[in-house]
Amino acid sequence: MEFEGDRFAFHGFGRELFVGWLKSLPALTFVVFFPYVLPVFWQSIHAVWVAQLGATAVLLLLWPLAMAGAYRYRINRMSWRGIRFSFRKSTLGFLGLSLKSYLLLIVTGGFYMPFLRTRVRRYLIDGTYFGNQQFAYDGRGLDLLPIHIFALPLSYLTLGLALPWWTAMQQRYEWAHTFFGGARFRCTVTGWGLFKLYAGNLLLLVLTLGLAMPWILTRTVSYWTGHLALTGPLELEAIEQDAQTAPTVGESFADFLGFDFGI
């Protein structure tokens, strides 16, 4: 990936992720084995339900920790023109935001989802820096609510075929409200473009029995980066180095949970 003729660099190492995996192993072991171990020691008809609820509760806690931790690790290991990116907000703060959002999502029957997306994106973007300069997000959940109300039922009625158009509308809005300095991002993805991308990826995956995954990943990244631009005044000469460190445990959580929180 490159910008203004210069490529981005990634400074992560496999040994960092291995150490992070070892640190996260106790929590991961609990999630995997607790549903099987508890019924052995507690001979009760309620044991299975309690074990499942306990493992689910831990997963709900791990998800925001994994998301913020993986995001922090990846951002802090990126650079452009020798200047590092960084994420400077608290992982625990993101956990608190997520727990409150879970409750509101349940209470509102799912209608809080666009507000959840907005709060999560604002927390992550507002905490992201390039050198000493901060990114920012000024989107509103209320703006995304109509998309959520109309697109979600339509997606069900079309057996998921409307999802690319829903995704495209959300992404265009969210990137249009993401800015850096005096410049804003502009996303030009379309529902039809995403539909062709997803359909092509699925066809490649099936015809090659999964062997085409490297090409699928590459063509997906190429599509998104080819439809993303930064417009407006950008004073790169004012940016100074201000690197931060980041732990690796969150990345290990994310890898275990099967999430990809890359930029």
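Not measured: the values here are computed from a predicted model. Along the sequence shown, the residues carry numbers beginning at 1. Side chains included, hydrogens not; waters and symmetry mates left out as well; all remaining heavy atoms used.
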Side chains of [X] and [Y]: donor-acceptor distance under 3.5 Å anywhere?
X: N76; Y: R84; result: no
X: Y173; Y: R140; result: no
X: S86; Y: R72; result: no
X: Y137; Y: E174; result: no

Taking atom [atom1] of [X] as the centre, report whether more than 12 heavy atoms of other residues, nucleotides or ligands fall under 6.0 Å from it.
X: R186; atom1: CZ; value: no
X: F33; atom1: CZ; value: no
X: W224; atom1: CH2; value: yes
X: W49; atom1: CH2; value: no
X: Y223; atom1: OH; value: yes

* To do: For residues G131 and I239, report the shortest heavy-atom separation together with the two atoms involved.
  =>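 So the two residues come closest at CA-CG2, 4.1 Å.
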* To do: Would you name the heavy atoms of M113 and L105 that are closest together and state the gap between them?
  =>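 The answer is N-CD1, 3.4 Å.
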How long is the gap from [atom1] on [X] to [atom2] on [Y], to the nearest 0.5 Å?
X: L154; Y: W166; atom1: CG; atom2: CH2; result: 10.5 Å
X: L99; Y: L60; atom1: CG; atom2: CG; result: 8.5 Å
X: D126; Y: F87; atom1: CG; atom2: CZ; result: 9.5 Å

* Could you label the plane-to-plane angle of the F34 and F30 rings as parallel, tilted or perpendicular, counting under 30° as parallel and over 60° as perpendicular? =>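 Ring orientation, 0 to 90° scale: parallel.
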* Quick one: sort the W42 and H46 rings into parallel, tilted or perpendicular, breaks at 30° and 60°. =>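 W42 vs H46 ring planes: tilted.
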* Row check, F94 ring normal vs K89 NZ/CZ: under 6.0 Å, within 45° ->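 The answer is no; the distance or angle limit is not met.
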* Cation over ring face, R74 and F10, 6.0 Å, 45° ->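 Judged by the rule (NZ or CZ under 6.0 Å from the ring centre, within 45° of its axis), R74 is not positioned above F10.
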* To do: Could you tell me whether the side chain of W63 reaches within less than 4.5 Å of the side chain of S98, counting heavy atoms only?
  =>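 Answer yes - side chains close enough.
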* Asked: Is the shortest heavy-atom distance from the side chain of L145 to the side chain of F115 under 4.5 Å?
  ->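 Yes - at least one pair of side-chain heavy atoms lies under 4.5 Å apart.
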Any donor-acceptor N/O pair, [X] side chain to [Y] backbone, under 3.5 Å:
X: Q133; Y: F130; result: no
X: Y123; Y: S90; result: yes
X: W175; Y: L228; result: no

* Can the ring centres of F18 and W21 be said to be less than 6.0 Å apart? ->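 That pair fails the under 6.0 Å test.
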* **Under-4.0 Å salt bridge between D138 and R184** =>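 Judged by the 4.0 Å cut-off on N to carboxylate O distance, D138 and R184 do form a salt bridge.
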